[in-house]
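We name chains A, B, ... by the order of the sequence lines, and we start the count at 1 in each one.
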Amino acid sequence: MSDAKIELRNVHKRFGSKVVLDGINLTVPQGQSLVVIGGSGTGKSVMIKCVLGIIRPDRGEIFVDGKNVLKMDQSEREKSLRKFGMLFQGGALFDSLSVWENVAFGLIQGRRMKRMAAKDIAIEKLAKVGLGPEVGELYPAELSGGMQKRVGLARAIAVDPEIIFFDEPTTGLDPITADVINQLIVDRVKELGATTLSITHDMASVRKIADRVAMIYKGKIIWEGPREKIDQSGNDYVDQFIHGRAEGPIGMDVLKP
Amino acid sequence: MTFFAIIGRVVLALLAEIGRLALFVWQAVSHIIRPPFFWRLIAQQVMRIGYFSLPVVALTAFFTGGALALQIYYGGNEFNSESIVASIVALGITRELGPVLGGLMVAGRVSAAIAAELGTMRVTEQIDALTTLSTNPYKYLVVPRVVAAVVTLPILVFFADIIGIMGGFVVGTSTLDFNAGVYIKNTADFLKFDDVMSGLIKAGVFGFIIAVMGCFHGFHSKGGAQGVGRATTNAVVSASILILAANYVMTSLLFAN
Ligand SMILES: Nc1ncnc2c1ncn2[C@@H]1O[C@H](COP(=O)(O)OP(=O)(O)OP(=O)(O)O)[C@@H](O)[C@H]1O
Ligand SMILES: [Mg+2]
C-alpha cells in the first residue's frame, strides 16, 4: 500500500526466552483508525512501543511515512516522534507536575511555547475530555483513575499530532464517559485527518472508532479486516474474542503464559 | 565446568553493567553541553540537592571536627598539643574528612532520592512518556541533577570545612581549655589554599558520582516497587564505594609530590 502511514514488517521481539512478537505485519493507511484487539499479555503494548522506539525490536522493519524508524539517528528520530501522540495504558502522568502542566508538557518542552499560552490550550483540551479548568490545578495523585485516563488523553492530543496511539482508552471508565472518549477519538480523526492506532478490549469502542480491526494472537496478526466484517470474520479466534466466551480455540494458556 | 561457567557469567554480567554505565555517562555528558538547557530545572535541583543537604552536612562536619580534636589530644602527647590539635583538625577536615564524609552523607540522601524518583518514573512509564512528548529524558532528568550536584557539592563541602574546624575549636576551647586566640592563630597558620582547593575539587567529582549513580540506577530499575527499592539501595552503595575509591585515587594524584 503506497499511502501507508505506519507499516510494520515481520517485527519480532522476545524478552529472555519469552517470545512476545513473532512476526507482526500490519499497515495503517493515512487518515484511518485501526483497532488492535487481543487477549491480555499478547504483546499489544509492546507492539506500539516498538513503533515509538521505546522498545527496540529484535528483527523486522517499521516504517513511518515511508521511512524506516529503526535506521534513524537520534535527531531524525526525535523529529519523527513529533508526529506522535500517545495515551499510555497506565496513564503515565508526571506526578510532580499539575494536571495542566501535564497536558501542556508537549507544547512547553517540545514546542517551546510560552507557559501562559500553553495553559490556555491545556484548559481547552481538558474541556474536550470533560474536565473543568479547576481540575487543571490539581495533581495526578488527587484524581480518580478515570480522570487520570482522561488527562492522559488530553495530553496525547494537546499538540494536535498526525498519529495518535491509544492504549486502552476506555478501560476503567463508566459507559457514558467511555462513549464520550470514543466520540472524541472519532472527531480527532475527522478534524485533523489524524491516523490512529488503538488497542482495546472494549467491543463498544471497537464498533465506534474502528475503520479496520486487527486481532493479535501469540505474537502474530491472525485476522484483519474492516469493522463491518468483524461479525462475519469466519475466524473462530475472533468470534470467541468478540463474544467473550471462555470456550474456544483460545485456551487458558493465553491467560497463564 | 559449572564453576567456570558461573565465573564466566559473573564476569560477563559485570562487563555488561560497566558498558551500560559508560554509555549512560556518555549520553549524560554529551547532553550537558548541547542546548536546549533547562535552567529552571537546574535551579530546582540545586535547591533540593544543595540547600536541603546543608543541615545534614553541617552536623556531620561539626561532630567530626569535635571528635577529631579529642582524638588528637588524647592520642598525641600533652606537650605542644595546642598547636597540633588545631593544625591537624584543619588539615584533616579540609583535605579528607570534609569532602569524604560530606560526600557520603549526601550520597545517602541524594542518590537514594534520585534513584527512587527516577525509578518510579521508569516503572510507571513516565520516562517513556517524556520521549513521546519530544523531550529527551537525559536532558530533562539527568542533566539538571548532574549539573546541580557538581556545582553544589563543593559549596556544601566549603561550609563543611568551616563548620568542621569550628567543631574542633569549640571542643578545644571548652573541653580542652585551649586559648581561643592561639587556636585560631594556629589554624590560620596551617590552613593552606591548596588544601581547601583539593577538597573542593574532590567534592565536585563526588557530586558527579552521586548524581550519576542515582540517575543510572533509577533509569535502569524495573519490576515495580521492589525494583525501585533495589535501585535505591544499589545507588547508595555504589555511590559510596565509588566515592571512597575516587578519593583514594585523587589523594594519590593531588598529593603525589
Ligand atoms: N520490559 C519488559 N520486560 C520483560 N517482559 C516484558 C516487558 N514488557 C512486556 N513484557 C512481557 O511481554 C508480554 C506482552 O506485554 P504487553 O504489555 O504488550 O501485553 P498487552 O497485550 O498490552 O496486554 P494487556 O491487554 O494486558 O495490556 C507480557 O507477557 C509481558 O510480561
Ligand atoms: Mg497493554
Side-chain angles (χ1 to χ4, degrees), chain A residues 15-16 45-46 48-56 69 74-75 77-97 101-113 115 118 122 140-141 148 151-152 154-159 161 163-167, chain B residues 9 13 16 20 23-24 26-31 33-45 47-49 113-114 116-145 215 218-220 222-225 227-228:
Chain A
F15 293 106
S45 298
V46 170
I48 37 184
K49 284 181 188 165
C50 285
V51 180
L52 289 167
I54 294 169
I55 293 176
R56 198 173 174 83
V69 293
Q74 201 170 338
S75 69
R77 155 148 262 157
E78 276 169 13
K79 209 179 286 165
S80 151
L81 273 171
R82 286 170 176 271
K83 296 177 191 163
F84 287 91
M86 164 83 184
L87 168 66
F88 283 85
Q89 188 171 359
L93 300 177
F94 304 123
D95 39 32
S96 59
L97 300 178
E101 285 172 312
N102 262 283
V103 177
F105 195 92
L107 298 167
I108 296 172
Q109 303 298 348
R111 307 263 156 112
R112 318 253 108 216
M113 193 185 268
R115 282 174 73 80
Q148 289 182 6
V151 174
R155 185 176 71 180
I157 61 174
V159 294
I163 304 167
I164 320 177
F165 290 166
F166 302 101
D167 197 346
Chain B
R9 203 167 300 151
R20 262 204 298 276
L23 215 63
F24 186 86
W26 164 247
Q27 283 276 355
V29 171
S30 73
H31 278 288
I33 51 178
R34 268 185 292 162
F37 305 111
F38 295 114
W39 298 111
R40 213 186 150 87
L41 295 171
I42 294 178
Q44 204 180 352
Q45 291 303 325
M47 283 300 280
R48 272 207 224 166
I49 296 173
I114 292 177
E117 188 183 6
L118 299 201
T120 306
M121 290 186 74
R122 165 61 74 201
V123 300
T124 56
E125 301 183 318
Q126 292 178 48
I127 294 182
D128 296 338
L130 278 177
T131 311
T132 67
L133 293 164
S134 320
T135 305
N136 188 301
Y138 286 94
K139 191 140 253 156
Y140 187 78
L141 296 173
V142 179
V143 169
R145 285 166 175 79
C215 292
F219 248 59
H220 292 282
K222 45 179 165 254
V228 175

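Contact of A:Phe94 with chain B is made through backbone and side chain together, with heavy-atom distances under 4.5 Å. Interface remark: A:Leu81 contributes backbone and side-chain atoms alike to the contact with chain B (heavy atom separation under 4.5 Å). Contacts of A:Leu93 with chain B are made by backbone atoms alone, with heavy-atom separations under 4.5 Å and no side-chain atom involved. Using a 4.5 Å cut-off between heavy atoms, B:Arg34 makes no contact with chain A at all. Interface remark: A:Leu87 contributes no atoms to any contact with chain B (heavy atom separation under 4.5 Å).
Nearest heavy-atom pair, B:Glu125 versus A:Gly90, reported as atom, atom and distance to 0.1 Å: OE1-N, 4.2 Å. Listed here is the closest heavy atom pair of A:Ala92 and B:Ala129: O-CB, 3.8 Å.
The CD1 atom of A:Ile54 sits 11.0 Å away from atom CD1 of B:Ile127, with the distance rounded to the nearest 0.5 Å.
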Stepwise side chain to side chain contact (heavy atoms under 4.5 Å, CB included) check, A:Gln74 with B:Gln27
CA-CA 11 Å; A:Gln74 201 170 338; B:Gln27 283 276 355; 4.1 Å; yes
Are B:Gln126 and A:Phe88 close enough, and set up right, to give a side chain to side chain contact (heavy atoms under 4.5 Å, CB included), and what steps lead you there?
CA-CA 9 Å; B:Gln126 292 178 48; A:Phe88 283 85; over 6 Å; no
Determine whether A:Phe105 and B:Tyr140 satisfy the following criterion, ring pair (Phe, Tyr, Trp, His ring centres under 6.0 Å), listing intermediate values before the conclusion.
CA-CA 12 Å; A:Phe105 195 92; B:Tyr140 187 78; 5.2 Å; yes
Please lay out, stage by stage, how A:Gln109 and B:Leu133 fare under the test side chain to side chain contact (heavy atoms under 4.5 Å, CB included).
CA-CA 8 Å; A:Gln109 303 298 348; B:Leu133 293 164; over 6 Å; no
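The most heavy-atom pairs under 4.5 Å with chain B, out of A:Leu52, A:Val159, A:Asp95, come from A:Asp95. If you tally non-hydrogen atom pairs under 4.5 Å between each of B:Thr124, B:Thr131, B:Thr120, B:Thr135 and chain A, the highest count goes to B:Thr135. Between chain B and the residues A:Arg112, A:Gln89, A:Arg77, A:Lys79, the largest count of heavy-atom pairs under 4.5 Å involves A:Arg112.
A salt bridge does not link A:Glu78 to B:Lys139: none of the charged nitrogens lies less than 4.0 Å from a carboxylate oxygen.
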